[in-house]
Amino acid sequence: MPSAKRDEQQTQNGHSEMEGRMLVLEVVAMTSLALVLDTSDPENAEAGTSVLHMIREAVENKCSEMGLSDDASLVAQSYAEELLGTAKAALFPATH
């Protein structure tokens with residue numbers, strides 16, 4: 001197999017592996033968030049709020065620690081908010 005073709009296949013396999021891992025991480029994150037954010041009793045509501053704050057702060061700190069650019073940091077923070085919003089929407093669907 002020519003090296004260019006082999007390199008392309010390895011790159012494709014790397015992308016597939018990354019996509020698969022990202023999917024698993026998103027599912028684990030969403031499930032964990034749903035369990036933590038369940039506010040069926042008042043004690044959990046306070047804990048859920050604390051977890052949301054810790055997640056936002058951890059993302060911001062990790063971006064800084066890794067030296068991410070402002071653009072990359074913004075993408076990371078936006079993605080965190082998207083995950084948090086999706087978890088909230090799953091727990092508290094809007095009624096029509």
Side-chain angles (χ1 to χ4, degrees):
M1 177 183 297
S3 66
K5 187 82 165 169
R6 187 174 48 248
D7 290 345
E8 182 181 325
Q9 186 175 16
Q10 287 174 340
T11 299
Q12 189 70 3
N13 289 341
H15 286 274
S16 295
E17 181 178 350
M18 194 176 343
E19 286 176 344
R21 288 175 180 236
M22 286 292 297
L23 178 121
V24 170
L25 289 173
E26 286 186 12
V27 169
V28 169
M30 297 305 299
T31 304
S32 300
L33 284 169
L35 290 171
V36 170
L37 297 176
D38 180 9
T39 58
S40 55
D41 82 52
E43 289 178 27
N44 284 345
E46 188 175 318
T49 301
S50 294
V51 168
L52 291 176
H53 177 73
M54 286 183 351
I55 290 170
R56 289 179 177 115
E57 191 174 280
V59 169
E60 186 177 330
N61 290 340
K62 193 66 173 174
C63 288
S64 179
E65 176 186 309
M66 292 184 64
L68 265 58
S69 69
D70 289 344
D71 287 343
S73 294
L74 183 60
V75 167
Q77 291 168 350
S78 294
Y79 183 58
E81 291 301 325
E82 181 183 332
L83 282 176
L84 296 173
T86 302
K88 283 186 201 177
L91 278 172
F92 312 108
T95 55
H96 296 112

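For the numbers below, each heavy atom of this structure counts, side chains included, while hydrogens, waters and symmetry mates do not. The residues of the chain are indexed from 1 along the displayed sequence.
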Novice: Can you get from Met30 to Tyr79 by hopping between Ile, Leu, Val, Met, Phe, Trp and Tyr side chains that sit under 4.5 Å apart?
Specialist: yes
Novice: Thinking salt bridges, do Glu17 and Arg21 make one under a 4.0 Å N-O criterion?
Specialist: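 Here Glu17 pairs with Arg21 in a salt bridge, since their nearest N and O are under 4.0 Å apart.
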Novice: Roughly how far apart are Met22 CE and Met18 CE, rounded to 0.5 Å?
Specialist: 9.0 Å
Novice: Once you round to the nearest 0.5 Å, how far does CD of Glu81 lie from CG of Leu52?
Specialist: 8.5 Å
Novice: Quick one, Leu83 and Ile55 - any side-chain contact, counting heavy atoms below 4.5 Å?
Specialist: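 Side chain of Leu83 against side chain of Ile55, heavy atoms only: no contact under 4.5 Å found.
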Novice: Take Thr86 and Glu26, measure what side chain to side chain contact (heavy atoms under 4.5 Å, CB included) needs, and give me the verdict at the end.
Specialist: CA-CA 11 Å; Thr86 302; Glu26 286 186 12; over 6 Å; no
Novice: Tell me which donor-acceptor pairs under 3.5 Å the side chains of residues 67-76 have, and how far apart each pair is, sequence neighbours excluded?
Specialist:
| unit_1 | atom_1 | unit_2 | atom_2 | d |
| --- | --- | --- | --- | --- |
| Ser69 | OG | Ala72 | N | 3.1 |
| Ser73 | OG | Ser69 | O | 3.1 |

Novice: Using the side chain to side chain contact (heavy atoms under 4.5 Å, CB included) rule, take Arg56 and Gln77 through it: C-alpha gap first, then chi angles, then the decisive distance, then the call.
Specialist: CA-CA 7 Å; Arg56 289 179 177 115; Gln77 291 168 350; over 6 Å; no
